Amino acid sequence: MSAEFVYEARGVDRSYGSVRALEGANFDVRPGEVAALIGDNGAGKSTMVRILSGAEQPDGGQLVFEGEPITLTNPTEARHRGVETVFQDLALANHLDPIQNMYLGREIMKPGLLGRLGFMERSLMRAAGKRAFDDLGATVRNYNGPVGGMSGGQRQAIAVARAAAWAQKVIFLDEPTAALGVVQTKGVLDLVKRIRDKGVGVVLISHSMPHVLEVADRVHVMRQGRRVAVVDAKQSSVEELVGAMTGALDGKEAA
Amino acid sequence: MSVQTPPMETPAPEQKVPVSEAPARPGLGERLRAGVRAQALQIVLVWLAIVVVFSALAPGSFFDPVNFRNIAISVSILAVLGVGTTFIIVTGGIDLSMGSVLVFSGVVSSMVMERVGGGQGWLSAVVGIVVALAAGTAWGLLNGFLVAKAKVPAMIVTLGTFGAALGLAQVLTGGIDRRIVPDVLVNSVGFGSVLGVPLLVVVAAVVVIIGIVLLNRTRFGMHTSAVGSNAEACRRVGIDVDGQIIKVYALAGLLAGLAGILNLTFFRSTTIGGNSLTNLDVIAGVVIGGTSLFGGIGTVFGTVIGLLIPATLRNGFVILGVEPYWQQVVVGAFLVSAVYADQIRRSAATRGGRRPELLARLFRHSRKDS
């Protein structure tokens, strides 16, 4: 069963001082599925994502990537494996344009001496970057303006599309629809579906049950540092998810 | 799948209140960028206006190639410093030390040249240039290291090195200006010219052009902007933020060392007492030129114009017989206006696009999830 997962956390522990954020928590995501990760505040969702994206190290337990146990010491190692994360702050450089943001830290350099002098393949990056945004249907209206001047929905779409363009295996989206309007939210959820269709495992952290039920295939519910349920989104409801989150409804898959 | 939980009793995590947002305004980003371009253009126009006014008032003496040559020379050394300072301010930092580093580099260079070939000849000159560049770079590395690694605010670091470099220069010389410069250097770099253009101006122009290309066309320049724009974002994508900051300060130090040797060859003196306000002149020029003190954005070309305006005013006032002190008053007004324009631009950008990000940040802080 587990062989089909692209990325797994097995029995992960993490404490901050006396606070036990994760206690033997499990998580898994398949290629080409949207796995939602829900839970009340303090349930351990963010800690789980930070560990899986390499931003933090677990105290115990195991990360398994494509069937092999791995350890990550920083986010760069996760990215080298095709694991990208979009945190809520988006991490865009506001003064740069969307293409520059997409290639930030991954610039394509000109060959030979010019490249060694620091000159970049600007037109190549521009063309490939536009294609990547278009493929994902991220409607970037202005490729030449700094992203700091764009709307929240645009910035979110750019951050998600940037991560999606590099994510070969798994993409983590932390509250991608928080603080977005109705139209922009739909745009981001459509983007999530297109990323899934590329065969990438999408992990969606959200507080919005309707959004989760709309796009997710499976819903992982966390409570008090553990995964307390994995629910098939097609056969679930807001009530069931909330019940699992709050503990009013027990007895599903005990992690 | 039976549902036993009354949904109403368990408060579902509230969906974030959607920020009512106008449909994305495509014009804003363009407007932001256009604003920057506009400021570069505006200050060119302001400078041209100043030139026109002075030319009208003193057609014979102001509007004269020799006079423009004088203005260009007076800006050259500041422009070399201005290129480095532009890079530093684009990273969101500041450099108060460049005037002292200039003096220190000149002093050390002069002392070494005195010992190599008795202060004459090309060997002495080349060694002196290398020493000046190395001394400047060393101070820049120190600044950069303290800012990036020790996390001391740039203003304090460079205020410290501002005093330290000047103090060391005075210790080395006993406070008396050194005047040993090889004649070959004075006759070429200091007062020589190529096709009628003073070599000092040529050197400055080359530095400026390299600076423009470096900032706008290379990865180094883009990372400089990116670090000033959002250092955390750079760290996330694996950019060595500390290394970039150290490199930028080292570059500024190198240019301060170059300015030191130019200064030495032009004035034939280490001008120990004459550079205590150089840093403010340069920073004013950078800011008038449209570089944001908050980092992320700036232009080397703007800096050059920003330096030309005070120099032209000073020159024009002298020719017109106006008390040159008025120049300080006018430049002060320019400086404040330039920063005001920058603020307007920034708040326009914030109204346009930053609100959701700000909200997201607020949520992130209040959520304190795990």
Side-chain angles (χ1 to χ4, degrees), chain A residues 21-22 40-47 75-76 79 88-96 100 104-107 109 117-120 141-142 144-155 175 178-185 207-209 225 235-240 242-243 246 248-249, chain B residues 1 3-7 9-10 12-16 18-33 214 217-223 225-226 228-230 232-234 236-239 295-297 348-350 352-357 359-361 363-364 367-370:
Chain A
L22 292 179
D40 211 342
N41 290 346
K45 308 185 296 291
S46 294
T47 306
T76 309
R79 284 203 315 277
Q88 281 185 54
D89 64 1
L90 304 186
L92 294 170
N94 283 331
H95 297 87
L96 303 185
Q100 288 173 321
L104 189 60
R106 289 164 158 141
E107 297 82 3
M109 307 307 288
L117 285 174
F119 289 91
M120 302 172 284
R141 292 181 183 79
N142 179 5
N144 299 315
V147 298
M150 298 181 185
S151 75
Q154 281 271 286
R155 293 161 47 75
E175 296 278 2
L180 287 191
V182 176
V183 178
Q184 275 107 11
T185 297
H207 269 138
S208 168
M209 297 304 124
Q235 297 162 29
S236 188
S237 63
V238 172
E239 291 75 17
E240 187 192 19
V242 171
T246 54
L249 192 80
Chain B
M1 207 167 287
V3 177
Q4 293 119 330
T5 327
E9 282 172 25
T10 49
E14 203 53 45
Q15 187 185 343
K16 305 292 196 289
V19 179
S20 65
E21 229 191 315
R25 282 153 287 190
L28 256 171
E30 194 52 50
R31 250 185 277 158
L32 187 76
R33 177 162 289 203
L214 194 61
R217 286 281 181 269
T218 68
R219 177 165 65 179
F220 180 82
M222 201 183 74
H223 284 184
S225 294
S229 185
N230 189 343
E232 180 55 28
C234 293
R236 296 247 188 93
V237 295
I239 293 173
I297 199 157
T350 307
R354 303 251 172 97
R355 197 192 297 154
E357 190 210 18
L359 268 184
R361 250 192 258 147
F363 280 124
R364 188 180 160 81
R367 230 162 35 97
K368 273 288 166 233
D369 193 1
S370 54

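Please read all numbers here as calculations on a predicted model, not as lab measurements.
Residue Leu104(A) holds its CG atom at 5.0 Å from CE of Met222(B), rounded to the nearest 0.5 Å. Here CZ of Arg219(B) is found 8.5 Å from CE of Met120(A). Values are rounded to the nearest 0.5 Å. Remark: Leu92(A) CG to Arg236(B) CZ distance equals 10.0 Å, nearest 0.5 Å.
For the side-chain contact (heavy atoms from CB on, under 4.5 Å) test, residues two or more places apart in sequence or in another chain that qualify with Ser229(B) are Ala93(A), Asn94(A), His95(A). By the side chain to side chain donor-acceptor pair (under 3.5 Å) test, Arg217(B) pairs with no residue at all, sequence neighbours left out.
In terms of modelled atom types and a separation under 3.5 Å, the side chain of Arg79(A) and the main chain of Val237(B) share a donor-acceptor contact. When atom types are taken as modelled, the side chain of Asn230(B) and the backbone of Ala91(A) share no donor-acceptor pair closer than 3.5 angstrom.
For the residue pair Gly238(B) and Thr76(A), the shortest heavy atom distance occurs at CA-OG1, 4.1 Å.
If you measure heavy-atom distances from Leu22(A) to chain B, you find no contacts under 4.5 Å at all.
No side-chain heavy atom of Arg106(A) sits less than 4.5 Å from a side-chain heavy atom of Ile239(B).
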